[in-house]
Amino acid sequence: MMCLFPEVGYRLVWDKLTAGLSGIPVVCPTAKALRDLRRRLGSAPVRALFDVLAGPLARPTTPGVRFGPYRTVSFDGRSSQRVSDSDRNRAWLGRTSHHDYPTLELMTLVETGTRALLGAVFGPTAEGETSYAGRLLHLLRPDMLVLWDKRFDGNAFLSAVTTTGAQFLGRLRSNRRTPALTRLVDGSYLSVIGTLRVRVIDAQITVTCTDGTVLTGSYRLATTLTDARRFPAAVLVDLYHQRWEHESAYHALRHTIMNGRLLHSGDPIGIERRCGRSSRSTRHCGPLWSTPPSASPAQTPTAAASLSPSKPPVTRSSRPPTSSPRPSNRSVSSDAGSCPACSRPGGSR
């Protein structure tokens with residue numbers, strides 16, 4: 001009930017909850033009594049509800065959720081969720097230079113086709129996204145293909161992902177140097193990162209905004225899908241666009257569900273409960289943590305440059321419906337052939 005009426009306080013929520021119990025004696029606890037009771041209960045009920053709600057929503061036959069035999073999921077983090085500026089929150093989270101309030105680092109694993117939350121962890125921003133994502137690796141399965149942005153390309157993290165049996169398609173940092181060991185028919189090439197054998201695709205991305213602004217950028221993608229004939233480069237470049245569904249999930253959490261509000265608890269225990277409460281406002285989200293059985297929940301508060309020049313470039317574009325001046329047309333220059341695009345319009349940052 002608190003998540004349905006976040007602005008009215010404990011007593012008014014209690015009154016709404018008991019309004020239909022006419023003729024039955026109902027106690028009238030004070031706001032402090034209700035608050036103290038919630039503290040005694042802790043986050044265990046929210047944690048139990050997480051076990052019920054979190055997980056993939058799509059069936060194997062649901063359109064737009066699979067790439068061949070793989071269910072597409074995505075890692076991404078956000079550090080823009082503000083909390084109350086109290087002494088205990090500052091001691092836990094510190095203060096960032098670009099926010100007036102302490103902020104949480106939130107890391108989630110999402111099913112891209114439905115934006116369903118599979119698991120999440122949160123805590124101080126100083127720990128780093130890769131460290132938080134490592135706590136969610138136990139949720140990966142061999143039938144999953146993981147997408148992520150360029151901050152997840154550390155050698156140790158890539159090796160840890162492959163030990164789960166899942167495949168990945170992720171962006172590499174621009175200063176990452178990958179040796180070209182074998183050139184493939186679609187212009188991509190086989191390489192190694194640490195001891196891991198990967199396939200690298202260089203892509204030139206062109207985005208045309210609704211106001212006519214044209215933005216370009218170079219993406220270097222690495223994947224464990226090394227069969228270029230079964231998974232052509234152009235198809236994988238288009239598939240990578242599905243990662244933006246994760247951005248839409250964050251937009252819904254912060255601006256639609258939370259409506260830009262702070263998390264108003266003054267200590268880490270209250271923040272943990274409120275994170276879970278906010279996320280349960282939609283079926284696609286659960287409480288914001290997920291830890292393997294051995295961990296303690298309380299402690300877890302496009303391809304032009306490298307492709308064959310003998311083939312003409314192919315342009316890929318999509319126009320997701322939007323009324324804001326955000327990218328609505330995506331053009332990918334590639335000479336990897338004319339394979340059908342895998343992306344679904346609608347994702348936006």
Side-chain angles (χ1 to χ4, degrees), residues 50-77 106-121 129-172 193-194 196-201 221-228 230-233 235-250 283-286 288-293 295 341-344 347:
F50 170 78
D51 294 333
V52 176
L53 294 180
L57 291 180
R59 297 184 179 184
T61 56
T62 302
V65 299
R66 301 189 73 88
F67 177 70
Y70 303 108
R71 182 189 301 270
T72 56
V73 298
S74 172
F75 276 123
D76 199 12
L106 171 63
M107 172 59 57
T108 58
L109 179 65
V110 164
E111 182 183 47
T112 59
T114 63
R115 305 174 190 167
L117 183 65
L118 308 187
V121 290
E129 290 187 333
T130 304
S131 175
Y132 285 122
R135 303 183 191 180
L136 301 175
L137 293 182
H138 65 285
L139 299 173
L140 298 180
R141 300 290 181 265
D143 68 337
M144 291 181 176
L145 173 62
V146 194
L147 312 177
W148 59 60
D149 204 359
K150 59 184 178 182
R151 298 177 297 275
F152 298 90
D153 63 346
N155 292 9
F157 183 75
L158 297 182
S159 297
V161 170
T162 58
T163 60
T164 67
Q167 307 295 322
F168 70 78
L169 172 64
R171 187 180 174 188
L172 300 178
I193 297 179
L196 183 63
R197 184 170 179 263
V198 297
R199 176 174 160 221
V200 177
I201 304 168
L221 305 178
T223 181
T224 48
L225 301 177
T226 56
D227 189 341
R230 186 181 180 189
F231 307 108
V235 174
L236 294 180
V237 170
D238 282 328
L239 174 68
Y240 186 71
H241 182 59
Q242 290 293 307
R243 194 197 70 78
W244 291 82
E245 296 290 347
H246 207 143
E247 308 291 347
S248 298
Y250 275 132
R283 185 187 174 207
H284 288 183
C285 294
L288 302 184
W289 64 79
S290 179
T291 54
C342 297
S343 64
R344 185 183 63 209

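FYI, the numbering just counts along the sequence from 1.
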Review point. Less than 4.5 Å apart, any side-chain heavy atom of Leu236 and any of Leu221?
Key: no

Point to revise | Point-to-point distance, once rounded to the nearest 0.5 Å, from CD1 of Ile201 to CZ of Arg171 | key: 14.0 Å

Review point. Taking Glu111 for the side chain and Val65 for the main chain, is one N or O donor matched with an acceptor at less than 3.5 Å?
Key: no

Under 3.5 Å, which donor-acceptor pairs do the side chains of residues 151-159 form with other protein atoms, sequence neighbours left out?
| from | atom 1 | to | atom 2 | distance (Å) |
| --- | --- | --- | --- | --- |
| Arg151 | NE | Glu129 | OE1 | 2.5 |
| Arg151 | NH2 | Asp76 | OD1 | 3.4 |
| Arg151 | NH2 | Glu129 | OE1 | 3.4 |
| Asp153 | OD1 | Arg173 | NE | 2.7 |
| Asp153 | OD1 | Arg173 | NH2 | 3.0 |
| Asp153 | OD2 | Arg173 | N | 3.0 |
| Asp153 | OD2 | Arg173 | NE | 3.1 |
| Asn155 | OD1 | Arg176 | NH1 | 3.4 |
| Asn155 | OD1 | Arg176 | NH2 | 2.3 |
| Ser159 | OG | Asn155 | O | 3.1 |

Review point. Can you tell me how far OG1 of Thr224 sits from CG of Leu145, rounded to the nearest 0.5 angstrom?
Key: 7.0 Å

Check your understanding: If every non-hydrogen atom of Ala116 is compared with every non-hydrogen atom of Gly55, which pair is closest and at what distance?
Key -> CB-O, 3.7 Å

Review point. Can Thr112 and Ser74 be said to form a side chain to side chain donor-acceptor pair (under 3.5 Å), step by step?
Key: CA-CA 6 Å; Thr112 59; Ser74 172; over 6 Å; no

Practice item. Report yes if the side chains of Ile193 and Leu172 come closer than 4.5 Å at any heavy-atom pair, otherwise no. Key: yes

**Study point:** Shortest non-hydrogen separation from Ala58 to Thr114 and the atoms involved
**Key:** CB-CG2, 3.8 Å

Check your understanding: Taking atom OG1 of Thr72 and atom CD of Gln167, what is their separation to the nearest 0.5 Å?
Key -> 13.5 Å

Revision key, fill the gap. One should read off an interatomic distance between Thr108 OG1 and Tyr132 OH, to the nearest 0.5 angstrom, of 13.5 Å

**Study point:** Test log, rule side-chain contact (heavy atoms from CB on, under 4.5 Å), inputs Tyr70 and Val146
**Key:** CA-CA 9 Å; Tyr70 303 108; Val146 194; over 6 Å; no

Exercise for review: Show your reasoning for whether side-chain contact (heavy atoms from CB on, under 4.5 Å) applies to Leu118 and Met144.
Suggested key: CA-CA 12 Å; Leu118 308 187; Met144 291 181 176; 4.2 Å; yes

**Study point:** Sidechain-backbone polar pair: Arg199 side chain, Leu225 backbone, donor-acceptor under 3.5 Å
**Key:** yes

Check your understanding: Could you give all pairs that pass the salt bridge (Lys or Arg N to Asp or Glu O under 4.0 Å) test and reach residues 55-64, with sequence neighbours left out?
Key -> none

Point to revise | Parallel, tilted or perpendicular, as decided by the 30° and 60° cut-offs, for the rings of Trp148 and Phe168 | key: parallel

Review point. Is there a side-chain contact between Val235 and Phe67 (heavy atoms, below 4.5 Å)?
Key: yes

Check your understanding: So, the side chain of Arg243 versus the backbone of Leu169: is there a donor-acceptor pair under 3.5 Å, distance only?
Key -> no

Practice item. Hey, could you give me the CZ/OG1 distance between Phe231 and Thr223, rounded to the nearest 0.5 Å? Key: 8.5 Å

Point to revise | Taking every non-hydrogen atom, the tightest pair across Arg115 and Ser248 | key: CZ-CB, 3.4 Å

Practice item. Please name the pair of heavy atoms, one in Ala120 and one in Leu106, separated by the smallest distance, quoted to 0.1 Å. Key: CB-CD1, 4.2 Å

Check your understanding: Leu109 and Leu136: which non-hydrogen atoms are nearest, and at how many Å?
Key -> N-CD1, 4.0 Å

Exercise for review: Identify the two heavy atoms, one from Gln242 and one from Gly64, that lie closest to each other, and give their separation to 0.1 Å.
Suggested key: OE1-O, 4.3 Å

